[in-house]
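These numbers come from the heavy atoms of this one structure, side chains and all, not from hydrogens, waters or symmetry mates. By convention in this document, chain letters (A, B, ...) are assigned in the order of the sequence lines, proteins followed by strands, and residues within each chain are numbered from 1.
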Amino acid sequence: MEELWARYRELQDYVGWTDEDAARVRIAGPLVESRLPALVDDFYAEIKRHPNANKVLADEAQVARLKVSLKIWVEQLFWGPYDADYVFRRWQVGRRHVEVGLDHIYAAAALSRLRHGLVRAVRENWPPDWGESSLTIDSLRTLIDLDLTIIEDSYALAYQERLQRGERLAAIGQIAAGVAHELRNPLNVVKTSAYFLLNAKSLSPERISEHLARINRQVNHANDVITALSSFAKPPAPQLNSISVVGCLKGALERYPLPHGISLVNELPDDLPKVSADATQLGIVFGNLIRNACDAMPAGGTLTVGARSSEGMVEVRIADTGTGIEADNLAKISEPLFSTKAKGMGLGLAITNAILVKISGKLQVTSEMGRGSTFTVRIPIASDN
Amino acid sequence: MKEETARSILIVDDEVDACNNLRDILVDLGYRVGIARNGLEAIRELRVSNYDIALLDLKMPGMDGVSVYREIKRIRPETAAIVVSAFSGSELAEEALAEGAAGVVAKPVDVPALLTAIATSLAQPLVLVVDDDADFCQNLWQILNGKGYRVALAHSADEAHHQLVAKSFDVVLIDLRLRGSETGEDVLRIVGETNPQARRVLVTGFREGSLEAIRNLVDRGIDAVCYKPIDVDNLMNMLSGRKSNPAERVTEA
């Protein structure tokens with residue numbers, strides 16, 4: 001509220017509003033009084049003319065209430081005082097329009113008519129012995145401009161807030177669905193193991209340790225899901241070092257052994273310069289790309305890993321001979337929570353991208369349906385090579 | 001005569017641990033259990049083995065659970081499907097129910113609830129429909145599935161023979177005139193040899209002139225006669241044996 005008042009004062013200074021303007025407008029007040037009811041009626045007639053605007057007006061009783069508010073608004077316009085409360089009332093108008101879903105263009109159009117009407121009323125009722133009316137009309141226009149600025153500001157802000165709230169809710173819904181599936185599966189194993197251990201008629205020691213190992217494995221899996229989610233939401237800052245891309249790739253290949261039916265073609269040269277990256281995070285990048293490549297080849301295929309140095313970057317190529325990515329999906333694959341797979345939350349490439357952006361790296365993909373996809377990662381060469 | 005085998009359940013889920021856990025629980029309770037890690041494995045397994053029930057995960061790489069169920073209905077329509085999924089409230093789950101799945105159990109699985117669902121399915125009477133009209137068979141499958149029966153289909157006396165040797169049926173629905181050299185009478189004889197406990201319901205389009213033949217069949221073990229086009233309520237009564245005097249029914253006709 002104080003901020004708003006300060007802003008209004010700033011705007012007043014900017015347009016050169018003075019107490020003299022206020023005095024002029026006040027004197028003109030009685031000139032519009034007789035026309036006010038007609039102007040208020042015209043304002044709502046204008047709004048009701050637009051079906052989209054009319055539908056937010058519930059009934060005649062509401063319109064009657066709104067007319068009273070508008071009449072007070074015009075009276076305050078002429079008599080002031082132009083204090084913090086005055087500004088706050090204007091501010092509320094914009095917010096109210098967002099609440100009821102009235103598009104600002106209709107309010108703006110109606111206000112424009114009202115403004116013409118007020119100016120005309122002043123001009124036509126101006127007593128000849130008062131001299132020039134133009135200074136007063138200028139003051140009135142300035143005052144209405146100030147009012148409209150506040151209303152538009154509050155409308156824009158409230159609209160933005162509403163939009164963000166909606167987007168936030170949609171994102172939460174998407175995350176909830178992804179997390180639900182990814183966590184219910186490990187929980188399912190834990191729960192059914194617990195049932196077996198509690199209820200089985202015959203339980204050998206081997207069976208017991210088998211089930212405890214399953215529980216342990218699935219708890220770790222559930223924890224990985226949560227770690228992936230939180231590291232995506234708040235990625236840790238990279239610890240930059242000069243590291244070998246080949247070493248990092250080999251580590252990732254050891255952590256994610258290729259499934260049966262997929263053969264590896266190693267096209268990694270021996271003499272690559274070192275890159276500037278976080279070894280753990282780059283390992284995640286390669287791990288994600290290798291896993292994706294394998295997932296794209298359910299019936300087996302060839303995974304080709306190559307690299308070269310080019311224009312201050314090391315380019316790593318991870319190519320599969322799998323299903324390929326549909327053209328429509330290519331633009332979406334790095335979006336968080338986008339997935340075409342039965343498993344997973346759809347965070348892999350989003351995390352990969354986020355990691356690369358932080359080390360000034362890049363991710364590119366080319367794909368052909370039925371032939372496979374090639375992901376190219378570019379990482380800056382370290383300066384101490 | 002066939003030997004009474006353990007009730008059998010096929011678990012279809014791509015999660016190894018989830019499969020193994022349900023297997024341990026069900027084997028401990030005396031069920032015969034098979035595991036399939038995806039849709040293709042499930043179909044392969046069902047081609048070679050009979051299962052009373054399939055527990056179907058919905059989201060699996062390759063075929064989803066609903067597609068697997070559609071295939072199961074084609075090759076083993078008498079296998080009841082229970083969906084076991086983390087997506088229990090999803091459209092896919094709704095689709096499975098619309099296809100005729102017996103139920104949906106949410107993951108993490110409440111085992112007592114799952115065991116109840118299994119017991120309910122197993123308690124459903126098993127019906128064999130013997131008719132060479134594939135569309136009529138499909139319609140009957142849908143009607144009877146919706147009324148709480150498990151339904152096996154046979155399109156010839158030969159197929160009926162295979163089914164009757166393998167399983168114990170509560171009811172056998174026989175079309176009087178199968179195409180080719182086989183007749184309903186052949187099937188009726190096999191039922192008598194393999195499934196003497198089963199109710200035998202004759203389905204026939206004949207009315208005039210066949211009374212004598214039908215009386216004849218009634219003497220040889222037919223419990224009820226149902227005329228095409230069938231009246232569903234009437235058929236239900238016949239399956240459950242509520243109108244039990246076949247001779248009377250024939251005279252009525």
Would you enumerate the inter-chain donor-acceptor pairs between chain A and chain B whose distance is below 3.5 Å?
from	atom 1	to	atom 2	distance (Å)
A/Arg184	NH1	B/Ala86	O	3.2
A/Asn185	OD1	B/Lys107	NZ	3.1
A/Asn188	OD1	B/Val109	N	2.9
A/Val189	O	B/Asn21	ND2	2.8
A/Thr192	OG1	B/Asn21	ND2	3.0
A/Ser193	OG	B/Asn21	OD1	3.2
A/Ser193	OG	B/Asn21	ND2	2.8
A/Lys201	N	B/Asp28	OD1	3.1
A/Lys201	N	B/Asp28	OD2	2.8
A/Lys201	NZ	B/Asp28	O	3.3
A/Ser202	N	B/Asp28	OD1	3.2
A/His211	ND1	B/Asn21	OD1	3.3
A/His211	NE2	B/Asp24	OD2	2.6
A/Arg214	NH1	B/Asn21	OD1	2.5
A/Arg214	NH1	B/Asp24	OD2	3.2
A/Arg217	NE	B/Asp17	OD2	3.0
A/Arg217	NH2	B/Asp17	OD1	2.7
A/Arg217	NH2	B/Asp17	OD2	3.0
A/Gln218	NE2	B/Asp17	OD2	2.9
A/Lys343	NZ	B/Asp14	OD1	3.0
A/Lys343	NZ	B/Asp14	OD2	2.5

What pairs with A/Ser334 under side chain to side chain donor-acceptor pair (under 3.5 Å), at least two apart in sequence or on another chain? A/Asn353

Could I get the full list of side chain to side chain donor-acceptor pair (under 3.5 Å) partners for A/Thr321, not counting sequence neighbours? none

B/Leu22 portion near chain A, given a 4.5 angstrom heavy-atom threshold: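 Side chain only.
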
With sequence neighbours excluded, give me every salt bridge (Lys or Arg N to Asp or Glu O under 4.0 Å) pair touching residues 250-265 of chain A. none

Counting heavy-atom pairs under 4.5 Å with chain A, which one of B/Val109, B/Leu29, B/Leu114 comes out on top?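 When all of B/Val109, B/Leu29, B/Leu114 are compared, B/Val109 has the most.
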
